[in-house]
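Taking it in order: structure first as structure tokens, then the write-up.
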Amino acid sequence: METQEGVSKQSIRERIWDYMESHDIADFPRPVHHRIPNFKGDSRAAEHLLHLHAFPVARTIKVNPDAPQRNARFLVLESKKTLLVPTPRLRTGLFNKITPPPGATKDILRKCATSQGVRNFSVPVGLDSSVLVDLVVVGSVAVSEKGWRIGKGEGYADLEYAMMVSMGAVHEGTPVVTIVHDCQVVDIPEALVEDHDLTVDYILTPTRVITTGCARPKPTGIMWSKVSFEMLTKIPVLRTLREREKRAGKDVTLWDEPGSQQPAPSTVRRPQDRPQAGSRGGSHSPLQGTDTQLAATVYVGNLPYNTRVRELKRALQELGAVPLRLTWQGPQHRAVLHYTDSAAAQQAASLLQGLRLGANALRVSLGQQRDK
């Protein structure tokens with residue numbers, strides 16, 4: 001598959017998800033939309049891991065819990081190496097160390113490599129553990145031969161790596177591998193790659209091994225200016241790391257912290273330059289003007305039935321249309337976005353025209369201005 005310049009990360013994701021489903025490349029769980037997609041041939045792709053120069057010398061390997069990395073997890077266990085798997089959405093910590101029972105057979109090791117096995121045969125690894133990760137395996141929705149990577153849009157792989165850097169578990173020379181289908185290897189405009197994005201050194205597909213030779217520096221730690229209060233609320237280990245770095249004298253100002261001068265993070269760029277909602281060509285803080293009464297609204301309808309509020313928030317953030325407040329009306333498949341005034345609302349409505357979530361084109365309309 002090929003992509004064109006000027007596309008967004010989300011459009012690349014949607015194109016690959018659609019292609020994998022329509023060509024019956026996708027494998028359980030389906031549909032693969034909004035996931036790191038599993039695919040037919042994932043086991044063959046994972047077997048290339050054994051032939052990488054970095055694998056035999058690696059003692060500890062971190063592998064993401066996604067379905068297409070299941071065989072990679074098994075191969076790590078079968079090779080009697082230490083397997084670390086991130087906890088789901090990092091809610092209960094950073095890693096789980098998989099601990100198969102003594103004398104485990106291949107069948108048991110395969111069970112340990114499943115999501116259920118990760119829950120049943122693991123112990124948590126805390127921030128104070130002196131763990132050194134020798135090889136990192138991540139999932140991807142899309143990846144380029146240059147090493148640019150696009151995940152499913154939630155940023156957990158990038159954040160996991162940044163947290164590992166902060167705790168000293170990885171360094172710039174730690175190899176990063178991704179396992180994908182051949183159709184997921186596409187051209188990705190470098191303009192879409194941001195400083196917090198994790199790049200990869202090796203791409204394993206069912207038919208080949210690609211050495212990217214990527215020279216772009218990997219994240220050197222957590223970029224707190226990309227972290228929100230919501231993320232801190234959901235990820236306790238992130239709060240702990242922030243406190244440690246704050247005590248060490250580092251700037252840990254969040255992007256939506258009052259007084260922050262940081263612009264809202266953006267991982268999607270439109271083909272044409274547009275100012276963000278509520279600004280005159282400058283950045284727009286999501287908390288700007290929260291002491292004033294909201295003056296205008298934008299209605300967003302035709303949301304897919306399974307859409308979560310964070311997916312809409314992420315799309316708004318990526319398009320530079322972050323509201324001061326969002327009222328979620330999931331049963332009616334819509335949301336109400338509140339802005340400071342009618343000009344900001346009109347700007348946001350313009351930015352949101354043509355926005356799609358999943359297979360649905362969203363309906364965007366302006367509400368009525370209220371008196372201040």
Side-chain angles (χ1 to χ4, degrees), residues 27-29 35-38 42-43 45-47 49-50 52 54-140 151-152 154-170 174-179 198 204 222 231 234-241 244:
D27 208 349
F28 178 84
R35 306 177 188 271
I36 298 296
N38 198 14
D42 62 311
S43 293
E47 287 170 3
L49 191 65
L50 300 173
L52 295 181
F55 187 83
V57 298
R59 296 181 178 180
T60 301
I61 301 177
K62 173 254 182 187
V63 185
N64 273 28
D66 309 301
Q69 278 78 54
R70 181 174 51 244
N71 197 42
R73 295 191 292 273
F74 164 72
L75 293 173
V76 171
L77 293 173
E78 188 185 38
S79 301
K80 302 188 184 305
K81 300 179 184 295
T82 298
L83 172 62
L84 300 180
V85 179
T87 62
R89 300 186 180 276
L90 303 176
R91 285 176 180 164
T92 59
L94 183 53
F95 295 130
N96 284 324
K97 176 183 175 182
I98 312 308
T99 55
T105 63
K106 279 192 175 184
D107 285 342
I108 293 177
L109 291 180
R110 290 191 186 279
K111 290 179 181 178
C112 292
T114 65
S115 56
Q116 184 64 45
V118 169
R119 289 191 290 269
N120 295 341
F121 299 96
S122 67
V123 294
V125 176
L127 292 176
D128 295 322
S129 302
S130 299
V131 60
L132 182 62
V133 177
D134 303 303
L135 188 63
V136 174
V137 181
V138 297
S140 302
K152 62 184 177 182
E154 296 183 340
Y156 283 104
D158 304 320
L159 183 58
E160 289 160 8
Y161 182 88
M163 293 170 74
M164 286 191 289
V165 173
S166 295
M167 64 184 288
V170 296
T174 305
V176 178
V177 180
T178 193
I179 300 172
L198 179 61
L204 311 184
I222 299 172
M231 293 171 68
K234 293 180 177 179
I235 305 175
V237 68
L238 192 59
R239 296 199 297 271
T240 302
L241 276 174
R244 290 185 179 185

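Owing to the predicted nature of the structure, the values given are computational and were not obtained by experimental measurement.
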Open item on the list: Between Asn38 and Phe28 (side chain of the first, backbone of the second, donor and acceptor by atom type, cut-off under 3.5 Å), is there such a pair?
Closed with: yes
Open item on the list: A side-chain contact here means heavy atoms from C-beta on lying under 4.5 Å apart; do Thr105 and Arg110 qualify?
Closed with: no
TODO: Please tell me if the side chains of Phe95 and Val237 come closer than 4.5 Å, counting only heavy atoms from C-beta onward.
DONE: no
Open item on the list: Could you measure the distance from the CG atom of Leu241 to the CD1 atom of Ile222? Nearest 0.5 Å is fine.
Closed with: 4.5 Å
Open item on the list: If you compare all heavy atoms of Leu198 against all heavy atoms of Asp158, which two are closest, and at what distance to 0.1 Å?
Closed with: N-OD1, 2.9 Å
Task: CG on Leu159 to CG on Leu94, rounded to 0.5 Å - done: 8.5 Å
Open item on the list: What verdict does the side chain to side chain contact (heavy atoms under 4.5 Å, CB included) test give for Val170 and Val176, after you've listed the backbone C-alpha separation in whole Å, the side-chain angles of each residue and the deciding distance to 0.1 Å?
Closed with: CA-CA 10 Å; Val170 296; Val176 178; over 6 Å; no
TODO: Would you check if Val137 and Leu204 make a side-chain contact, meaning some heavy-atom pair closer than 4.5 Å?
DONE: no
Open item on the list: Using side-chain heavy atoms (C-beta onward) and a distance below 4.5 Å, is Leu50 in contact with Ser79?
Closed with: yes
- [ ] Measure the shortest side-chain to side-chain distance between Pro37 and Pro68 over non-hydrogen atoms and say whether it is less than 4.5 angstrom.
- [x] no
Open item on the list: When you measure from the side chain of Asp134 to the backbone of Ala58, do you find a donor-acceptor pair of N or O atoms at a distance under 3.5 Å?
Closed with: no
Task: Reported CG-to-CG distance for the pair Leu83 and Leu75, which is rounded to 0.5 angstrom - done: 10.5 Å
Task: Side chain to side chain, Leu49 and Leu135, heavy atoms closer than 4.5 Å - done: yes
Task: Distance, nearest 0.5 Å, that separates CE of Met164 from CG of Leu132 - done: 11.0 Å
Task: Straight-line distance of Ile61 CD1 to Phe55 CZ, nearest 0.5 Å - done: 4.5 Å
Task: Any side-chain heavy-atom pair of Met167 and Val131 under 4.5 Å - done: yes
Task: Least distance between heavy atoms, Asn96 atom then Pro124 atom - done: OD1-CA, 3.8 Å
TODO: Using the test side chain to side chain contact (heavy atoms under 4.5 Å, CB included), find all partners of Pro101 that sit at least two apart in sequence or belong to another chain.
DONE: Ala104, Ile108, Cys112, Phe121
Open item on the list: Could you report the tightest heavy-atom contact between Val85 and Pro65, atom names first, then the distance?
Closed with: CG1-CB, 3.7 Å
Task: Distance, nearest 0.5 Å, that separates OH of Tyr156 from CE of Met163 - done: 10.5 Å
- [ ] Compare every heavy atom of Ile179 with every heavy atom of Ala45, then report the nearest pair and how far apart it is.
- [x] CB-CG2, 3.7 Å
Task: Beyond-backbone contact of Pro100 with Leu77, side-chain heavy atoms, under 4.5 angstrom - done: yes
Task: Flag, side chain of Thr178 to backbone of Val138, donor-acceptor distance under 3.5 Å - done: yes
Open item on the list: The test is side chain to side chain contact (heavy atoms under 4.5 Å, CB included); show your working for Thr114 and Phe74 and say whether it passes.
Closed with: CA-CA 9 Å; Thr114 65; Phe74 164 72; over 6 Å; no
- [ ] Using the salt bridge (Lys or Arg N to Asp or Glu O under 4.0 Å) rule, collect all pairs that involve residues 58-84, keeping only residues at least two apart or in two chains.
- [x] Lys62-Glu160, Glu78-Lys106
Open item on the list: Please find the pair of heavy atoms, one from Asn64 and one from Ala157, that lie closest to each other, and give the distance.
Closed with: ND2-CB, 4.2 Å
